[in-house]
Amino acid sequence: MSVKEIISSVIDEWFLYEPLLFNVYCTHKLEANSKMKCRFRTGKRRIEYNPELLKDKSALDIEQGLKNEVMRILLKHPYQRLPQNINQCALTTASDVTLNEHCFHNKMIKDAAYYNLKPGLSYEEYYKKLYYICPDFEAMENDGKNQLMPVLKENEIWDYEAAADASELWGQDYEMIEFVNHQIQKAMKGNQWGSISGKFHETITASLKIPVDYRRILSQFRASINNQNRKLSRMKPNRRYGFEYMGSVFEPETRLLVAVDVSSSIDSEDLKNFLSIINRFFSYGIQKIHVLAFDTEIKQELEFKGPARSIKIIGRGGTDFQCAIDYYESHPQYQGLIIFTDGNADVPKLRLHKQILWIMTGKREYDYAINWIRNLRSNKATWIP
């Protein structure tokens with residue numbers, strides 16, 4: 001069987017006997033990626049596998065590799081707030097050690113003893129210690145220097161470069177954390193843990209967080225598009241290594257596009273809430289926001305250079321998201337799009353993988369729309385309480 005067929009058979013088995021693993025797996029898309037250096041990796045709402053690296057592996061090894069990634073998702077490792085000056089290699093390695101120490105022993109990944117570390121520590125504690133052990137490939141790549149792999153056991157070099165590649169997609173995602181927490185809560189209520197042990201129950205339930213806050217989603221989205229302006233420069237020292245490595249500078253202007261649904265299903269109170277949130281972005285340091293008012297077509301284009309007290313809206317027809325999506329994709333200067341809507345329209349077609357944040361008028365509208373938004377790559381959603 002091919003690697004894809006083996007994975008399909010594993011998922012079929014999980015559907016029958018591993019309800020929690022199956023439900024968490026279904027929150028992500030499975031994609032083949034022959035260019036990555038690792039066998040599996042998770043992040044940005046997808047699970048990627050390398051068919052070339054897995055073609056000679058047994059079905060049992062492939063299942064275990066897939067299970068490792070789903071366990072990382074359960075612990076929210078790929079979606080937590082990342083530390084400053086991250087070491088990608090240390091992130092994955094700390095996650096591996098945590099899985100081995102708190103979930104199950106797995107010969108495919110290393111335990112704490114391999115790195116001469118204490119057993120039973122938390123993921124964050126392991127990361128802090130492994131930060132000084134694992135090489136920082138990003139810093140090495142920026143500087144063009146080579147660094148020898150550490151040898152922790154005689155005649156054995158652990159593949160730290162693959163470990164660094166395995167966490168390449170990791171990044172803070174409050175919405176995905178909420179999805180995963182919902183599946184954990186379902187398992188707790190129905191006792192649908194499958195083969196997951198009682199010890200791991202405690203580890204998973206301890207990771208539950210408070211519900212999503214739209215203000216944090218906004219802040220995260222703003223930070224994400226600001227990060228696109230990051231440039232490497234010899235004129236500024238690196239925070240960790242000084243002038244030995246290149247530092248970071250940011251371009252001053254963030255180009256944000258906002259599309260406001262002004263169809264007949266949006267009432268005046270909703271529009272006031274939308275305007276209030278648009279104004280909030282100026283407190284985040286964004287200097288200019290281009291605003292589209294749309295229903296079935298774009299009715300107005302407005303340029304905000306500061307908080308606005310009111311706007312005069314033209315529209316109030318039906319709703320078609322495609323006009324706003326097409327505008328965004330045809331204007332590459334915009335680094336992010338926010339769409340304010342009630343979600344009551346056909347699913348748009350996206351050609352490009354550009355960042356979009358959907359802000360719904362309420363929880364009910366969010367619960368309806370999230371079923372199709374989660375299938376759009378680089379799209380996130382929240383609602384206004």
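Numbering of residues begins at 1 and proceeds along the displayed sequence.
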Checklist entry - Can you list the steps and then say if R377 with E31 is a salt bridge (charged side-chain N to carboxylate O under 4.0 Å, His left out)? => result CA-CA 12 Å; R377 181 180 289 188; E31 294 185 359; 2.2 Å; yes

All N/O donor-acceptor pairs, side-chain side in residues 269-278, below 3.5 Å, sequence neighbours left out:
from: D270; atom 1: OD2; to: D267; atom 2: N; distance (Å): 3.4
from: N273; atom 1: ND2; to: E269; atom 2: O; distance (Å): 3.4

Identify whether the distance between the nearest side-chain nitrogen and carboxylate oxygen of [X] and [Y] falls below 4.0 Å.
| X | Y | answer |
| --- | --- | --- |
| R46 | E48 | yes |
| K299 | E297 | yes |
| E175 | K380 | no |

_Students often mix this up, so state it plainly: with edges at 30° and 60°, are the rings of W358 and F321 parallel, tilted or perpendicular?_
perpendicular

Report task. For the residue pair Y334 and H331, categorise the inter-ring angle as parallel (less than 30°), tilted (30 to 60°) or perpendicular (more than 60°). Result -> tilted

Exercise. Do other residues, nucleotides or ligands put more than 12 heavy atoms under 6.0 Å from K44 NZ?
Worked result: no

Worksheet item: Counting only heavy atoms not in D346, do more than 12 fall under 6.0 Å of its CG?
Response: no

Please check if any side-chain donor atom of [X] sits under 3.5 Å from a side-chain acceptor atom of [Y], or the reverse.
| X | Y | answer |
| --- | --- | --- |
| S95 | R72 | yes |
| Q64 | N68 | yes |
| E52 | S34 | no |
| E18 | Y25 | no |

Sequence neighbours excluded, the answer for ring pair (Phe, Tyr, Trp, His ring centres under 6.0 Å) partners of Y79 is H28

